[in-house]
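Not measured: the values here are computed from a predicted model. The first residue in the sequence is number 1, and the count goes up from there.
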Amino acid sequence: MDIETRKELLDQRVNNAASRKGRRASEIRLLAVSKTRSDTTIRSLAALGQQAFGENYLQEAVEKIKQLADLELEWHFIGQIQRNKTAAVAENFDWVQSIDRLVIAERLSAQRPENMAELNICIQVRMSEEIGKGGVSKKELFPLARAIDTLPGVVLRGLMTIPENTTDRDKQRMAFREMHGLYQKLKAQYNTIDTLSMGMTGDFELAIEEGSTMIRVGTALFGPRA
Ligand SMILES: *Cc1c(COP(=O)(O)O)cnc(C)c1O
């Protein structure tokens, strides 16, 4: 299947999921997760009008961002950030969705070049006790948001989550619903909040039904990763 067909099928599924809940598809942004994909592949998706791309691995991402600088793309960092790598993130990306420690946000704030727009930040929240995926607990979320809100050079836009790897749809739905509750609570406190990043290839329809405003999709757009 070519990328144009995949994109059309994905758009259709997004539309259907949104309309089941009386939402408009335009309320849900698509982040194309392009880790491991070539510049050429990214170009062909960009030619179809896709603007936002997500990357997990810093070195791979920085090379692509340079190669594709002639296009007006929006780059989101969605991988784990090492403390000694924050400068490259601050200098190259438009968004960072994987913030789960204040020290990282502080470094990004200090290192964001003055001639660039504010760096958009999402706090990554861990919905289960599953280890190794990163993210703050529900309890840590609000103190971290308060601290980030005071930092110059960065702007808090919302929350991101990677759900537990499970085939239990009810459990997934409840986790998404709980995330949406946290998002609404945060949105009531800060007027910069407009992004709830949840849903990937395996679960984006459920995430949309539960209020996601940004889905991060790799496989359904580009095919299986090698
Ligand atoms: C790889 C990745 C995705 C996309 O996963 P697919 O299942 O290929 O859609 C989304 N979010 C994060 C954080 C990822 O690492």
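- In terms of modelled atom types and a separation under 3.5 Å, the side chain of S137 and the main chain of E140 share a donor-acceptor contact.
- Residue D100 comes nearest to G135 through the heavy atom pair OD2-N, 2.8 Å, listed as atom of the first residue, atom of the second, then distance.
- Within the 3.5 Å criterion, the main-chain N or O of L30 finds a donor-acceptor partner in the side chain of Q50.
- The shortest side-chain heavy-atom distance between T40 and R43 does not fall under the 4.5 Å cut-off.
- I78 CD1 to S197 OG: the interatomic distance, rounded to the nearest 0.5 Å, is 7.5 Å.
- A distance of 13.0 Å separates CD of E118 from CG of D94, quoted to the nearest 0.5 Å.
- Remark: side-chain polar atoms of T192 are paired, donor with acceptor, to backbone N or O of L156 under 3.5 angstrom.
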| Where do Q172 and D168 land on the side-chain contact (heavy atoms from CB on, under 4.5 Å) test, with the steps shown first? | CA-CA 6 Å; Q172 261 174 345; D168 182 340; over 6 Å; no

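- Side-chain contact between L119 and W95 is absent, with no heavy-atom pair separated by less than 4.5 Å.
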- T41/S38 under side chain to side chain donor-acceptor pair (under 3.5 Å): CA gap, chis, key distance, verdict: CA-CA 5 Å; T41 305; S38 70; 2.9 Å; yes

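- R13 has a carboxylate O that lies under 4.0 Å from a charged side-chain N of E205, or vice versa, which qualifies the two as a salt bridge.
- In plain terms, the two heavy atoms of A18 and I28 that are nearest each other are CB-CD1, 3.9 Å.
- The backbone N or O of R83 sits less than 3.5 Å from a side-chain atom of R107, completing a donor-acceptor pair.
- The CZ atom of F77 sits 14.0 Å away from atom SG of C122, with the distance rounded to the nearest 0.5 Å.
- Counting non-hydrogen atoms of other residues, nucleotides and ligands closer than 6.0 Å to CG of N84 gives a total above 12.
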Verify salt bridge (Lys or Arg N to Asp or Glu O under 4.0 Å) between R6 and D11, making sure each step is shown before the conclusion.
CA-CA 9 Å; R6 284 185 188 280; D11 289 344; over 6 Å; no

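- Rounded to the nearest 0.5 angstrom, M198 CE and F204 CZ are separated by 13.5 Å.
- A chain of hydrophobic side-chain contacts below 4.5 Å, direct or via other Ile, Leu, Val, Met, Phe, Trp or Tyr residues, connects L71 to V62.
- For the pair H76 and R216, the minimum side-chain heavy-atom distance is 4.5 Å or more.
- No side-chain heavy atom of M214 sits under 4.5 Å from any side-chain heavy atom of M160.
- The main-chain N or O of Q82 is never found under 3.5 Å from a side-chain atom of T86 such that the two would form a donor-acceptor pair.
- Hydrophobic clustering, with ILVMFWY side chains joined whenever heavy atoms are under 4.5 angstrom apart, groups L182 together with I123.
- Distance check, rounded to the nearest 0.5 Å: CZ of F93 to CG of L58 gives 6.0 Å.
- A donor-acceptor pair is defined here as one N or O able to donate and one able to accept, closer than 3.5 Å; no such pair exists between the side chain of N120 and the backbone of R157.
- Separation of atoms CZ (R37) and CD1 (I3) is listed at 8.5 Å; rounding is to 0.5 Å.
- No continuous path of ILVMFWY side-chain contacts below 4.5 Å connects I162 to I121, so the two sit in separate hydrophobic clusters.
- In terms of modelled atom types and a separation under 3.5 Å, the side chain of T219 and the main chain of P224 share no donor-acceptor contact.
- Grouping the Ile, Leu, Val, Met, Phe, Trp and Tyr side chains by contacts below 4.5 angstrom, directly or via other members, places I81 with L144.
- In this structure, R24 places its CZ atom where only 12 or fewer heavy-atom neighbours from other residues, nucleotides or ligands lie under 6.0 Å away.
- Between R23 and E209 there is no salt bridge, since none of the side-chain N atoms of the basic residue sits less than 4.0 Å from a carboxylate O of the acidic one.
- In this structure, E60 contributes its side chain and T36 its backbone to a donor-acceptor pair below 3.5 Å.
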* Apply the test side-chain contact (heavy atoms from CB on, under 4.5 Å) to residues I99 and I148: give CA-CA distance (whole Å), side-chain angles for both, the deciding distance (0.1 Å), then the verdict. => CA-CA 10 Å; I99 294 294; I148 290 175; 3.8 Å; yes

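- E55 and K35 are not joined by a salt bridge, as no carboxylate oxygen comes within less than 4.0 angstrom of a charged side-chain nitrogen.
- The two atoms that bring T201 and G218 nearest to each other are OG1-N, 3.8 Å, heavy atoms only.
- Contact check on R29 versus E74 returns a salt bridge, with a Lys/Arg side-chain nitrogen under 4.0 Å from an Asp/Glu carboxylate oxygen.
- Taking the charged nitrogens against the carboxylate oxygens, K66 and D39 have no contact shorter than 4.0 Å, which rules out a salt bridge.
- Side-chain N or O atoms of R112 include one that pairs as donor or acceptor with a backbone N or O of A117 at under 3.5 Å.
- Under the 3.5 Å distance criterion, with hydrogens and angles disregarded, no donor-acceptor pair is assigned to the side chains of S98 and Q124.
- Annotation for L45 and F222: closest pair CD2-CZ, 3.7 Å, computed over non-hydrogen atoms.
- Of the possible donor and acceptor atoms, one in the side chain of Q111 sits under 3.5 Å from a partner among the backbone N and O of A87.
- No hydrogens or angles considered: nothing links the side chains of H180 and E210 as a donor-acceptor pair under 3.5 Å.
- Crowding of E4 atom CD: a count of heavy atoms from other residues, nucleotides or ligands under 6.0 Å not exceeding 12.
- Q189 is listed as a side-chain neighbour of F142, based on a closest heavy-atom distance under 4.5 Å.
- Scanning both residues, V14 and A25, for their nearest heavy atoms gives CG1-CB, 4.4 Å.
- Among all heavy-atom pairs drawn from T213 and T195, the shortest one is OG1-CA, 3.3 Å.
- At a cut-off of 3.5 Å, with distance as the only test, no side-chain donor of T161 or R126 sits close to an acceptor on the other residue.
- Within the 4.5 Å cutoff, side-chain heavy atoms of N56 are placed close to those of V33.
- There is no path of hydrophobic side-chain contacts, each under 4.5 Å, that joins M200 to L221.
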